[in-house]
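Reading through the structure tokens given below for one structure.
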Protein chains: 2
Amino acid sequence: MSLPHAILTALLEKPSSGLELTRRFDKSIGYFWSATHQQIYRELGKLEQAGQIRALPAAQPTRGQKKEYEVLPAGRAELAAWVARPEDPRPVRDPLLLRLRAAGVVGGTGLREELERHLALHRRQLEQYREIEERDFAPERTVTEQDALRHMVLRGGIELESFWTKWLTETLAALPATP
Amino acid sequence: MSLPHAILTALLEKPSSGLELTRRFDKSIGYFWSATHQQIYRELGKLEQAGQIRALPAAQPTRGQKKEYEVLPAGRAELAAWVARPEDPRPVRDPLLLRLRAAGVVGGTGLREELERHLALHRRQLEQYREIEERDFAPERTVTEQDALRHMVLRGGIELESFWTKWLTETLAALPATP
DNA sequence: TTAAGCATGTAATGAGTTACATGATTAG
DNA sequence: CTAATCATGTAACTCATTACATGCTTAA
């Protein structure tokens, strides 16, 4: 769906090997798109076949040897076309909300602990995003339009985590003592 | 992953046929879990085979004839076990955030219109949730624990839509005039 | 009696996850 | 020279989406 476009974006920001991409998807890219290394290698193969990216000539293809990719004009064109294409927001599909609703009909033993665990996870994530924001997006350092866009994407991550911590806090407060 | 549990929850709240379930997934259930009718029929078949649900004896199985399902004890047990099982939050995978980041490298023609379109969609959804909240969860009407849980799930939907409208508004404000 | 739409389903494809396999490089 | 780890990949499976097929019911 959008994995190839995530990879094209990442490679345009900086040509990389499969493993480097994996690392970047675990870190900065991960706050708007996640992917495993298996997905990434598979997709790199497809994109190369489609003529949208190519391996840099330097290191050549034996297994186990690093292979750097860069985006070709066709890849850039495809990405630009995708950015311009309207696409509706995905319907929600959240297991935790579902579990809460299920707890309403079968009882929620241990649910409080689980909510607290999630709260801790989201708080930690929020902290990390805030650190990135302070480090990389101080007011005087955000100059180009690209900076502004990347900042707004990070704001998305921050506000999404804020939503979760807020909702989890309220829900814990509304939950009866030890259900 | 959680589709069978969504169906079990829905059927416990009210025994239904495949089409009725589809309707319910389009409406109230949709704010925490979405599913198409094809998914639902396939999963109903699996759940019946696994002995977790059964078709009510009344109407019998010819194609095109309504078939009502109810949950069996094994199904209720499976759902209770799933509710108690810890499960980490899913990593984020949002196409709109990705598109914004991509716009940073290939330019974002028409992006403003798309953001405004999404903003309108999320605002409308938020309105609908607020109406449901006023109608079904007035303070004096929320009495049982199940009511409280269902209300918190709806609050999740409301706050999630609030997040989107807030973030989209901020992003539109931060976006240069006509990129 | 035929067309509309209600209701259930199949098939094909694509996207994502889990488990495993294999070669290259480097530190001890 | 061998174990750890870096790096790239395959295979099998599950879940989701899209398109299509089939039978029943009812109202013009």
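Atom set for the values below is all heavy atoms of this structure, side chains included, hydrogens, waters and symmetry mates excluded. These numbers come from a predicted model, not from an experiment.
- Less than 4.0 Å separates DNA chain D from no heavy atom of any residue of residues 14-30 of chain B.
- Whole-Å rounding puts the B/Y41 OH to D/dT18 C1' distance at 17 Å.
- Straight-line distance from the CD1 atom of B/I40 to the P atom of C/dG9: 12 Å, rounded to whole Å.
- B/M152 approaches A/T171 most closely through the heavy-atom pair CE-OG1, 3.3 Å.
- Using a cut-off of 4.0 Å between Lys/Arg side-chain N and Asp/Glu carboxylate O, B/D88 and A/R117 are scored as salt-bridged.
- Judged as a side-chain hydrogen bond (donor to acceptor under 3.5 Å, both in side chains), and not counting sequence neighbours, B/E20 has no contacts.
- For A/S16, the side-chain hydrogen bond (donor to acceptor under 3.5 Å, both in side chains) partners are A/R24, not counting sequence neighbours.
- Atom NE2 in B/H37 sits about 12 Å away from atom C1' in D/dT22, given to the nearest Å.
- Ion pairing between a basic and an acidic side chain is recognised when a charged N comes within 4.0 Å of a carboxylate O; A/E131 and A/R135 show no such pairing.
- Applying the ring-ring contact (aromatic ring centres under 6.0 Å, His included) criterion to B/H118, with sequence neighbours excluded, gives no partner residue.
- In this structure, A/T169 has no side-chain hydrogen bond (donor to acceptor under 3.5 Å, both in side chains) partners at least two apart in sequence or on a different chain.
- Residues A/T165 and A/R123 bring no donor and acceptor atom of their side chains to less than 3.5 Å of each other.
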Please write out each protein N/O paired with an N/O of nucleotides 13-17 of chain D under 3.5 Å, distance rounded to 0.1 Å.
{"from": "D/dC15", "atom 1": "OP1", "to": "B/M1", "atom 2": "N", "distance (Å)": "3.2"}
{"from": "D/dA16", "atom 1": "OP2", "to": "B/Q39", "atom 2": "NE2", "distance (Å)": "3.3"}
{"from": "D/dA16", "atom 1": "O3'", "to": "A/R93", "atom 2": "NH1", "distance (Å)": "3.3"}
{"from": "D/dT17", "atom 1": "OP2", "to": "A/R93", "atom 2": "NH2", "distance (Å)": "3.0"}
{"from": "D/dT17", "atom 1": "O4", "to": "B/R42", "atom 2": "NH2", "distance (Å)": "2.9"}

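- Rounded to whole angstrom, the span from the CD1 atom of A/I7 across to the C1' atom of D/dT8 amounts to 14 Å.
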